[in-house]
Amino acid sequence: QRLQQQFAETDLIYRTSPIGLCFLDPELRFVRINDVLATINGLSVDEHIGRQLRDVLPQIADRLEPLYRRVIDTGESTLDIEVARPMGNEPGVIRHYLASYYPVFAPDGQVLGVSTVVQDMTERKRAGQQLRRSEDRFQNLLGSLVDVVWSADPDGEYLYLNRAVEEVYGLSRNECLANHNFWLEAILPEDLPIAEQSNSQLFEQDQVECEYRIRRPD
């Protein structure tokens with residue numbers, strides 16, 4: 001009865017899971033696969049069952065077979081392997097997947113096969129690429145400004161300094177990073193209280209404005 005319950009629970013997981021799932025035996029034959037992963041492979045569930053990995057996925061078998069063999073031989077999981085491949089029902093479209101491989105053991109400790117979990121990471125990867133491109137454009141924009149721009153965390157650690165800082169303060173970027181007070185030290189003494197007061201208000205107000213004079217290196 002307990003075994004039947006486990007089968008029922010496994011069947012439910014395979015039918016309802018939003019990620020790809022399959023189980024291969026030590027001969028790398030498909031014993032079980034859900035609709036999600038079958039769709040990714042571009043075949044029906046029935047077209048997988050009983051067939052070896054190389055027969056089903058010849059285009060990526062050379063990469064996948066060593067991963068499965070390692071899990072079977074060592075009894076250790078292999079996690080978070082990135083795979084880029086065409087989707088079976090979308091010719092010419094490359095999608096990105098994150099796959100993990102887990103050994104399944106018999107009561108005597110023998111490896112019965114490998115359970116695989118496959119997640120489609122395409123949209124997340126595209127979003128990450130778009131974010132990096134946006135950040136690069138932002139950094140290039142700030143770098144081209146003649147105005148001084150920097151950002152810092154509440155502890156005073158600088159997160160960004162643009163190139164204008166070096167020209168205006170006469171210090172290298174590394175010198176600025178090593179001395180959190182570089183900008184205060186350049187302020188004329190009579191204006192220093194104004195700058196210090198505004199700096200203390202930075203994390204209490206949405207916006208702080210003040211005017212002070214600095215002594216440039218020239």
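Both backbone and side-chain heavy atoms feed into the values below; hydrogens, waters and symmetry mates do not.
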Margin query: Determine whether Arg70 and Glu76 satisfy the following criterion, side chain to side chain contact (heavy atoms under 4.5 Å, CB included), listing intermediate values before the conclusion.
Written below: CA-CA 8 Å; Arg70 181 184 178 279; Glu76 298 177 356; 3.5 Å; yes
Note to self: Could you walk me through whether Arg29 and Asp25 satisfy the salt bridge (Lys or Arg N to Asp or Glu O under 4.0 Å) test, starting with their C-alpha distance in whole Å, then the side-chain angles of each, then the deciding distance to 0.1 Å, before giving a yes or no?
What the structure shows: CA-CA 5 Å; Arg29 289 188 296 256; Asp25 67 15; 3.1 Å; yes
Checklist line | side chain to side chain contact (heavy atoms under 4.5 Å, CB included) assessment of Phe23 paired with Thr116 | finding: CA-CA 6 Å; Phe23 175 76; Thr116 306; over 6 Å; no
Item checked: Check against side chain to side chain contact (heavy atoms under 4.5 Å, CB included), Val31 and Leu24 -> CA-CA 5 Å; Val31 176; Leu24 275 66; over 6 Å; no
Notebook entry, point to check: Please walk me through it: do Leu112 and Phe105 pass side chain to side chain contact (heavy atoms under 4.5 Å, CB included)?
Noted result: CA-CA 5 Å; Leu112 294 177; Phe105 298 99; over 6 Å; no
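In this structure, Glu211 places its CD atom where only 12 or fewer heavy-atom neighbours from other residues, nucleotides or ligands lie under 6.0 Å away. Atom CD of Glu82 has 12 or fewer neighbouring heavy atoms from other residues, nucleotides or ligands inside a 6.0 Å radius.
A salt bridge does not link Asp35 to Arg15: none of the charged side-chain nitrogens sits closer than 4.0 Å to a carboxylate oxygen. With respect to Arg69 and Asp73, no salt bridge is recorded, no charged nitrogen being found less than 4.0 Å from a carboxylate O. A salt bridge between Glu166 and Arg173 is absent, with no side-chain N of the basic residue lying under 4.0 Å from a carboxylate O of the acidic one.
A tilted orientation is assigned to the rings of Trp150 and Trp183, their planes being inclined by 30° to 60°.
Gln197 places no side-chain N or O within donor-acceptor distance of the main-chain N or O of Ile194, the cut-off being under 3.5 Å. Counting only distance, with no hydrogens or angles, the side chain of Gln119 and the backbone of Gly20 share no donor-acceptor pair below 3.5 Å. Between the side chain of Asp120 and the main chain of Tyr97, no donor-acceptor pair closer than 3.5 Å is present. Checking side-chain atoms of Asn34 against main-chain N and O of Ile19 turns up a donor-acceptor pair under 3.5 Å.
Val104 approaches Ser115 most closely through the heavy-atom pair CG2-CB, 3.9 Å. Minimum heavy-atom separation, Ser172 to Glu175: N-OE1, 2.8 Å. Of all heavy-atom pairs between Ala164 and Val148, the closest is O-CG2, 4.0 Å. Between Leu171 and Cys176, the shortest heavy-atom distance links the atoms CB-SG, 3.8 Å. The two residues Ser198 and Ala195 have their closest heavy-atom pair at OG-O, 2.8 Å.
Pro189 places none of its side-chain heavy atoms less than 4.5 Å from the side chain of Asp191. Annotation: side chain of Val56 is not in contact with side chain of Glu47 (no heavy-atom distance under 4.5 Å). With a 4.5 Å cut-off on side-chain heavy atoms, Ser77 and Pro103 count as touching. A 4.5 Å side-chain heavy-atom check between Glu167 and Arg216 finds at least one atom pair inside the cut-off. Looking at heavy atoms from C-beta onward, Tyr102 lies out of side-chain contact with Val71 at the 4.5 angstrom threshold. At a threshold of 4.5 Å between non-hydrogen side-chain atoms, the residues Arg54 and Asp62 count as touching. No side-chain heavy atom of Leu98 sits under 4.5 Å from any side-chain heavy atom of Ile81. Residues Asn41 and Ile33 meet the side-chain proximity criterion, which asks for heavy atoms closer than 4.5 Å.
The cationic atom of Arg32 (NZ for Lys, CZ for Arg) lies less than 6.0 Å from the six-membered ring centre of Tyr14 and within 45° of the ring axis.
If you chain together hydrophobic residues whose side chains sit under 4.5 Å apart, Phe182 and Leu177 fall into the same group. A continuous path of ILVMFWY side-chain contacts below 4.5 Å connects Leu67 to Leu37, so both sit in one hydrophobic cluster.
Remark: Leu192 engages Leu184, Ile187, Glu196 in a side-chain contact (heavy atoms from CB on, under 4.5 Å) (not counting sequence neighbours).
Considering Leu159, Asn162, Leu161 as possible partners of Ser151, the one that fulfils the side chain to side chain contact (heavy atoms under 4.5 Å, CB included) test is Leu159.
At a cut-off of 3.5 Å, with distance as the only test, a side-chain donor of Asn179 or Glu185 sits close to an acceptor on the other residue.
Under the ring pair (Phe, Tyr, Trp, His ring centres under 6.0 Å) criterion, the residue pairs touching residues 44-68 are Phe30-His48, Tyr68-Tyr101, with sequence neighbours excluded.
Rounded to the nearest 0.5 Å, atoms CE (Met121) and CG (Asp80) are 8.5 Å apart.
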